[in-house]
Amino acid sequence: MMTPHLNRIYLGAAIVFAIIYLFPLYWMYVTALKSGSEIFAYPPTFIPKDPQWGVFSHVWEVRGMGRFIWNSLVIATGTMILVAGLGTGCSYVLARYRNIWIDVALFLVLMLQVLPASLMITPLFVGFSAVGLLDYPRFAVILAVTAKAMPFFVILVRATFMAVPAELEEAALVDGNSRVGAFVSVVLPLARNGVLVSAILIFMQAFGEFVYSKSIIQDVNLQPASVGLNAFMGPNTVEWNNIMAYATIYVTPILAAFVLLQQRIVAGLTSGALK
Amino acid sequence: MTQELQIELNGVDKHYGAFHALKDIQLAIPKGAFVALVGPSGCGKSTLLRSIAGLETISGGEMKITDEVVNNVPPRHRDVAMVFQSYALYPHMTVIDNLTYSLRLKKTPKAEARKIAEEVAATIGLENLLDRFPRELSGGQRQRVAMGRAIVRRPKVFLFDEPLSNLDASLRVHMRKEIRALHDRLGATSVYVTHDQIEAMTMADHVVVMRAGVIEQQGAPLELYDRPASQFVAGFIGSPAMNFVDGVTNADGTAVTLEIDGAPELKLPRQVACNQKVTVGLRPEHLSISAAGQGTITTKISVIESTGSTTYVGAGDTGKITIVLSERRDISVGDTIDLSINAKDIHLFDPHSQMAI
Ligand SMILES: Nc1ncnc2c1ncn2[C@@H]1O[C@H](COP(=O)(O)OP(=O)(O)O)[C@@H](O)[C@H]1O
Ligand SMILES: [Mg+2]
C-alpha cells in the first residue's frame with residue numbers, strides 16, 4: 001500500500017521530469033514565434049511578446065520545405081511498407097517455431113539493433129556504391145533504414161503473434177484451410193492491432209531518420225526534412241526563429257498523430273491479441 | 001466379422017525429438033463406431049488424436065482413413081472435424097461466422113451456408129445466439145458452438161479432445177448423453193479423448209486405454225471392466241478403484257491367501273500356479289458385508305462416507321480396502337465385520353509383470 005503522502009511525492013517527481021523532458025519542445029515553439037531581438041533578450045521571455053505568425057509560411061517558401069517533407073514521407077512510407085511486408089511473416093515464423101535455430105536467429109536480430117547507424121553507414125555506403133544503389137539514393141536509404149528498424153518491429157510483432165493461441169490456427173486447418181489461408185483469415189486479424197501500431201512506430205522513426213539520409217543522399221532535391229534542417233544550421237546561424245519554425249512544421253504533424261493515437265498505441269502494444 | 005473400417009492405424013509411432021510419445025499404435029475403428037481414448041494425463045491421447053487430424057505428422061507406421069493412406073495428407077484433405085478442449089472458437093467472428101467458416105472455404109453459396117448453419121444451430125439450441133461473439137457466451141454455449149462448427153461440416157470423422165472438461169459436473173453429465181445421441185443421429189464415426197473413465201465407459205462402444213504412449217488394452221467397456229488385462233487397466237477402469245492386496249496361492253492353486261491380518265483364504269474360480277506370489281484385485285462393489293463369522297475376510301471398519309444413495313466403507317487399519325454399499329446398513333466405525341466376495345469376481349495379477357493371470 002502506498003500512503004497518500006508518498007503518492008504525492010511520486011506525482012510531483014513525475015511532473016518535474018515531464019517538465020524537464022518537454023521543455024526543449026516548448027522552447028522550440030516559443031522561439032519560432034519570437035522576433036530576432038527577443039530571442040537574444042536577457043532575461044529570456046517565456047511567452048513571446050509579439051508572436052510572428054508569418055514565420056511559418058515564410059520558412060516553408062524560402063527553404064522549399066514542401067520538397068523536403070515529401071522526401072521524408074517517401075522514405076517513411078517506403079520503409080514502413082517494406083518493414084511490415086517482410087517483418088510480419090518473419091515475426092510469425094519466429095513466434096510459432098521453437099528450436100535452437102530460432103533462438104540463434106532472434107539473437108542475431110537483436111544484435112543488429114545494437115549496432116549504431118553511424119557505424120553501419122560506412123560499410124553500407126561502400127556496398128551500395130558497389131552495386132549501383134547510390135543512383136537511387138532514396139531507395140538506398142529506405143533499404144538501410146528498413147534493416148535498422150526491422151529488429152524493433154520483429155520483436156514487437158512476434159510478441160503479438162505469440163499471444164494468438166496455436167489452437168485457433170489448427171482449428172482453421174482442420175476446418176479446411178491451408179496454412180497461408182489460416183494465417184490470413186485467423187491469425188492476422190487477431191494480431192492486427194499489434195502489427196498496425198508497430199508499423200506506425202516504424203513510420204515515425206523513419207520520418208525522422210537522419211544519419212543514413214545525410215550520408216547517402218547528395219542531391220538536395222531528394223533529401224528529407226531532417227537533412228534540410230541540418231543544412232539550415234550553419235556555424236554562424238542567427239536565424240533561430242526560422243530554424244525553430246522549420247522544426248515546428250517538421251515535427252508537429254507527427255507529434256499530433258502520436259498524441260491522437262497514443263491510447264490505441266499503448267493498448268495495441270500491451271493488450272493481448274484477443275479481446 | 002468383416003466391417004468397413006473408417007480409421008486404421010498400423011504400428012504408428014510418434015517422436016518429439018528424443019521423446020517417444022506414441023509407441024507402435026495398432027487401432028482399427030469401424031464406420032459408425034464411438035471410440036474413447038482414455039488414460040492418465042500425458043499418456044499421449046491428444047497426440048494420437050492430433051495425428052489422426054493431421055495436425056501432427058507421424059514418425060512411423062501407417063495411417064488410413066477410409067482405405068486411403070493419409071500419412072502425408074494435410075488436415076484439410078482428411079475430411080475430419082475436431083472439437084478442441086479450449087473450443088478454439090474464432091474470437092473475431094460471430095457465432096454464425098464460426099459455424100459457416102468451413103462452408104465458406106468450400107465455396108458454399110452464402111444463403112445455403114447460412115441455412116445449414118441455422119439448422120444445426122437449432123438442433124443444439126444456439127438459434128438465439130447467432131450474432132454474438134464467443135466472448136459474449138457462457139462456457140456451455142461456447143462448447144455448443146464448437147460442436148456446431150464440427151457438425152455443420154458433415155465430416156467422415158469427429159474428433160473430440162476432452163470437450164467437456166471445462167464444464168461443471170451436471171452440465172458434463174448432460175452433454176455426455178447429448179454428444180452420444182448426436183453421434184447416433186448423424187451416423188458418424190467418433191474418436192473421443194478423455195481422462196475420465198466414466199465418460200469413456202458410458203459413451204463409447206469401444207474403449208482404448210493408453211499409458212505412456214502405449215495402448216494398454218482395448219475392447220468393449222464391460223469387457224475392460226470384467227477382464228482387465230493388467231493391473232493398470234483394472235485400477236483405471238471402475239470407480240472407486242479396485243482394491244489390490246498381496247497374496248500367495250496355496251499348494252494346489254485353487255485358493256489364495258491374502259497377506260493381511262487373519263490371513264484369510266479366498267477360493268479361486270479356476271486353478272492357477274501353486275505357491276505363487278500374486279496381487280489380488282477385489283472391486284469395492286463386489287465386496288459385501290456379512291455378519292461376523294459368515295464371511296471370509298474379517299476386518300474392522302475405519303471410515304464410513306455416505307452420499308445418501310451410496311455408502312463407501314474403508315476397512316482395515318488404514319482403510320485400505322474400500323467397499324461400496326448401495327443399501328443402508330447399521331454399521332459404525334470400529335465395528336468388526338466379515339467381507340465376502342464371489343469367486344468369479346476375484347482378479348489375479350502377476351506382481352512383477354502386472355499382467356492378469
Ligand atoms: N509439441 C510437443 N513437443 C514435445 N513434447 C510433446 C509435444 N506435445 C506433447 N508432448 C509430450 O507428449 C506427451 C503426450 O502428450 P499429450 O498427447 O498431450 O497427452 P494427453 O494424454 O494428456 O493428451 C506428453 O508427455 C507431452 O509432454
Ligand atoms: Mg490432452
Side-chain angles (χ1 to χ4, degrees), chain A residues 84 88-89 91-105 157 159-199 264 267-275, chain B residues 16-17 46 49-57 73-93 97-108 113 133-136 142 145-163:
Chain A
T88 304
S91 320
Y92 172 68
V93 171
L94 290 174
R96 272 296 177 263
Y97 295 91
R98 288 247 47 93
N99 66 41
I100 181 77
W101 295 110
I102 295 293
D103 292 334
V104 170
V157 175
T160 308
F161 280 135
M162 283 172 72
V164 179
E167 275 198 350
L168 294 181
E169 220 177 316
E170 293 173 348
L173 292 180
V174 176
D175 263 349
N177 219 332
S178 60
R179 292 221 61 150
V180 175
F183 175 71
V184 172
S185 73
V186 173
V187 181
L188 210 48
L190 293 172
R192 187 191 57 204
N193 279 356
V195 174
L196 277 182
V197 163
S198 306
R264 301 205 58 174
L269 289 181
T270 53
S271 78
L274 306 178
K275 199 57 212 162
Chain B
Y16 289 116
S46 297
L49 196 75
R50 291 164 53 83
S51 301
I52 297 174
L55 294 171
E56 304 283 352
T57 314
V73 175
R76 67 179 186 280
H77 294 141
R78 294 194 181 198
D79 195 17
V80 301
M82 184 151 168
V83 177
F84 291 82
Q85 181 173 4
S86 65
Y87 312 141
L89 303 180
Y90 310 124
H92 57 305
M93 297 183 197
D97 287 344
N98 266 280
L99 292 179
T100 56
Y101 183 78
S102 59
L103 300 176
R104 283 181 279 144
L105 287 172
K106 275 194 278 188
K107 307 263 185 293
T108 310
F133 283 94
R135 61 174 174 273
E136 300 165 334
R142 286 180 205 186
V145 177
M147 300 263 305
R149 195 170 64 179
I151 297 168
V152 159
R153 300 201 16 218
R154 295 279 173 160
K156 282 190 205 142
V157 178
F158 284 100
L159 304 174
F160 298 91
D161 193 353
E162 310 211 11

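Just so you know, these numbers come straight off a predicted model, no measurement behind them. Residue numbering restarts at 1 for every chain, and letters A, B, ... go by the order of the sequence lines.
- Residue contact with chain A, scored on non-hydrogen atoms closer than 4.5 Å, is absent for B:L103.
- Contact check for B:M82 versus A:E170: no side-chain heavy atoms found under the 4.5 Å cut-off.
- Counting heavy atoms from C-beta outward, B:R153 and A:V174 have side chains that approach closer than 4.5 Å.
- Note: B:S102 OG to A:N177 CG = 10.5 Å, rounded to the nearest 0.5 Å.
- Contact check for A:D175 versus B:P75: no side-chain heavy atoms found under the 4.5 Å cut-off.
- Side-chain contact between A:L173 and B:P74 is absent, with no heavy atoms from C-beta onward closer than 4.5 Å.
- The minimum heavy-atom distance between A:E167 and B:A88, with the atom names listed, is O-CB, 3.7 Å.
- Defined by atom type and a distance below 3.5 Å, a donor-acceptor pair is missing between the side-chain atoms of B:Y90 and A:S185.
- The candidate with the highest count of non-hydrogen atom pairs below 4.5 Å against chain A, out of B:S86, B:G17, B:A53, is B:S86.
- There is no contact between B:R78 and chain A, counting heavy-atom distances below 4.5 Å.
- Your options are B:R149, B:K106, B:H77, and the one with the most heavy-atom pairs under 4.5 Å with chain A is B:R149.
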